[in-house]
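Presented below is the structure to which this report refers.
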Amino acid sequence: TVAYEMKEDQIGYIAVSEFDSVTYHQFETALEDLEKQGMKGLVIDLRNNPGGNFDTVTDMLKLLLPEGVIVSTKDKEGNVEEVTCDGANEFDKPLAVLVNQYSASASEIVSGAIQDTKAGRLFGVQTYGKGCVQTIYQLSADTALKLTTAMYYTPSGRSIHKTGIQPDEVVELPQNATRDVQLEAAETYLKGELAKK
């Protein structure tokens, strides 16, 4: 679920295709390896990532975010549950995140948290807009009921549902593009940030 490489100017690149139970360790390994290679900035590519495991996502964000709220959920009774980060592993280098219209659910939790905490900048186009928590109740051996039981909110209290996340820098990727202009925009931003140091 994770592919990574070091690009020019010591910019790390990690693409996450979905958030599965194995994704946390793959992401952690990728981060550690890029750090050993002397990474100076990082691009996380969440384009076409439909989401996945909630706990995997929040654990991964604990490897990146400053101290504070990662995401909160609110049920129909108004009960709020917050997932927080202690900031012990805060990523201290320039960070860019790529999203598109197929980045959904858990991908939107990541991009919303990174945007709200100002841990990095988002590039691409508006995300899908799936911000509901669904619970599966097993009824019998081969029958189950899937119910929406709560809604997700970003650290600043924004609802993702049906609105999605608007990138900090909107970059359209034409259908017949021969270059990945979204990735290029993210790399240009990171190089600019590194030049300031």
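Keep in mind that the numbers below use all heavy atoms, side chains included, and drop hydrogens, waters and symmetry copies.
Listed by chain and residue number, nothing satisfies the ring pair (Phe, Tyr, Trp, His ring centres under 6.0 Å) test with F19 (two or more places apart in sequence, or in another chain). Under the side-chain contact (heavy atoms from CB on, under 4.5 Å) criterion, F91 pairs with L31, E35, M39, L42, L64, K93, L95, not counting sequence neighbours. Partners of E18 under the salt bridge (Lys or Arg N to Asp or Glu O under 4.0 Å) rule, at least two apart in sequence or in another chain, do not exist in this structure. For E184, the salt bridge (Lys or Arg N to Asp or Glu O under 4.0 Å) partners are R179, not counting sequence neighbours. Residues satisfying the ring pair (Phe, Tyr, Trp, His ring centres under 6.0 Å) test with F27, not counting sequence neighbours, are none. Applying the ring pair (Phe, Tyr, Trp, His ring centres under 6.0 Å) rule to Y153 yields no partners; only residues at least two apart in sequence or on another chain are considered. Qualifying salt bridge (Lys or Arg N to Asp or Glu O under 4.0 Å) partners for K36, counting only residues two or more places apart in sequence or in other chains: none. Residues satisfying the side chain to side chain donor-acceptor pair (under 3.5 Å) test with Q175, not counting sequence neighbours, are none. When the side-chain contact (heavy atoms from CB on, under 4.5 Å) test is applied to T178, no partner is found at least two apart in sequence or on another chain.
Within the 4.5 Å cutoff, the side chain of V99 has no heavy atoms near those of the V125 side chain. With a 4.5 Å cut-off on side-chain heavy atoms, S156 and V69 do not count as touching. Here the side chains of V80 and E82 are in contact, with some heavy-atom distance below 4.5 Å. When side chains are defined from C-beta on, V2 does not count as touching M60, because their heavy atoms never get closer than 4.5 Å.
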Name each donor-acceptor pair under 3.5 Å that joins a side chain in residues 5-13 to protein atoms two or more places apart or in another chain, with its distance.
unit_1: E5; atom_1: OE2; unit_2: K7; atom_2: NZ; d: 3.2
unit_1: E8; atom_1: OE2; unit_2: K191; atom_2: NZ; d: 2.9
unit_1: Q10; atom_1: NE2; unit_2: Q37; atom_2: O; d: 2.7
unit_1: Q10; atom_1: NE2; unit_2: G38; atom_2: O; d: 3.3
unit_1: Y13; atom_1: OH; unit_2: D45; atom_2: OD2; d: 2.6

Do any side-chain atoms of residues 164-173 form donor-acceptor pairs under 3.5 angstrom with protein atoms, and if so which ones, sequence neighbours left out?
unit_1: D168; atom_1: OD1; unit_2: Q115; atom_2: NE2; d: 3.2
unit_1: D168; atom_1: OD2; unit_2: L122; atom_2: N; d: 2.7

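Here R47 contributes atom CZ and T127 contributes atom OG1; the two are 14.0 Å apart, rounded to the nearest 0.5 Å. For the atom pair CG of L190 and NZ of K40, the computed distance is 13.0 Å after rounding to the nearest 0.5 Å. Between the CD1 atom of I114 and the CG atom of L46 there is a distance of 7.0 Å, given to the nearest 0.5 Å. Taking CD of E28 as the reference point, atom NZ of K62 lies at 13.0 Å (rounded to 0.5 Å). Atom NZ of residue K76 and atom CE of residue M151 lie 14.0 Å apart, to the nearest 0.5 angstrom. Distance check: I109 CD1 to T58 OG1 gives 8.0 Å after rounding to the nearest 0.5 Å.
Side chains of S17 and T1: no donor on one and acceptor on the other come within 3.5 Å. A donor-acceptor pair shorter than 3.5 Å can be found between the side chains of N48 and N100.
In plain terms, the two heavy atoms of Y24 and T56 that are nearest each other are N-CG2, 3.8 Å. Of all non-hydrogen atoms in G131 and I160, the two that sit nearest each other are CA-CB, 4.1 Å. Taking each heavy atom of G112 and P155 in turn, the nearest pair found is O-CD, 4.1 Å. What you find for T148 and C132 is that their closest heavy atoms are CG2-CB, 3.5 Å. Here the closest heavy-atom approach between residue S105 and residue G51 is recorded as CB-CA, 4.2 Å.
Note on L98 and V57: separate hydrophobic clusters, where clusters join Ile, Leu, Val, Met, Phe, Trp and Tyr whose side-chain heavy atoms are under 4.5 Å apart, directly or indirectly. I136 and L139 are not part of a single hydrophobic cluster, where members link through side-chain heavy atoms under 4.5 Å apart. One hydrophobic cluster holds both V110 and V133 under the rule that ILVMFWY side chains link at heavy-atom gaps under 4.5 Å. Following chains of ILVMFWY side-chain contacts shorter than 4.5 Å, one cannot reach V16 starting from Y128, and the two form parts of different hydrophobic clusters.
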Show your reasoning for whether side-chain contact (heavy atoms from CB on, under 4.5 Å) applies to V43 and L183. CA-CA 8 Å; V43 177; L183 177 57; 3.9 Å; yes
List the steps, then state whether side-chain contact (heavy atoms from CB on, under 4.5 Å) holds for L34 with I14. CA-CA 9 Å; L34 289 168; I14 302 178; 3.6 Å; yes
Pair V71, T154 - check side-chain contact (heavy atoms from CB on, under 4.5 Å), show working. CA-CA 5 Å; V71 64; T154 69; over 6 Å; no
Audit row: L194, K196, side-chain contact (heavy atoms from CB on, under 4.5 Å) steps and yes/no: CA-CA 5 Å; L194 293 172; K196 293 176 189 172; over 6 Å; no
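Residue Y152 places its OH atom among more than 12 non-hydrogen atoms of other residues, nucleotides or ligands, all under 6.0 Å distant.
Screening residues 123-138 for salt bridge (Lys or Arg N to Asp or Glu O under 4.0 Å) gives no qualifying pairs among residues at least two apart or on separate chains.
A donor-acceptor contact shorter than 3.5 Å links the side chain of D75 to the backbone of E77.
Note on ring orientation: taking the six-membered ring where Trp is involved, the planes of Y189 and F123 are tilted (angle from 30° to 60°).
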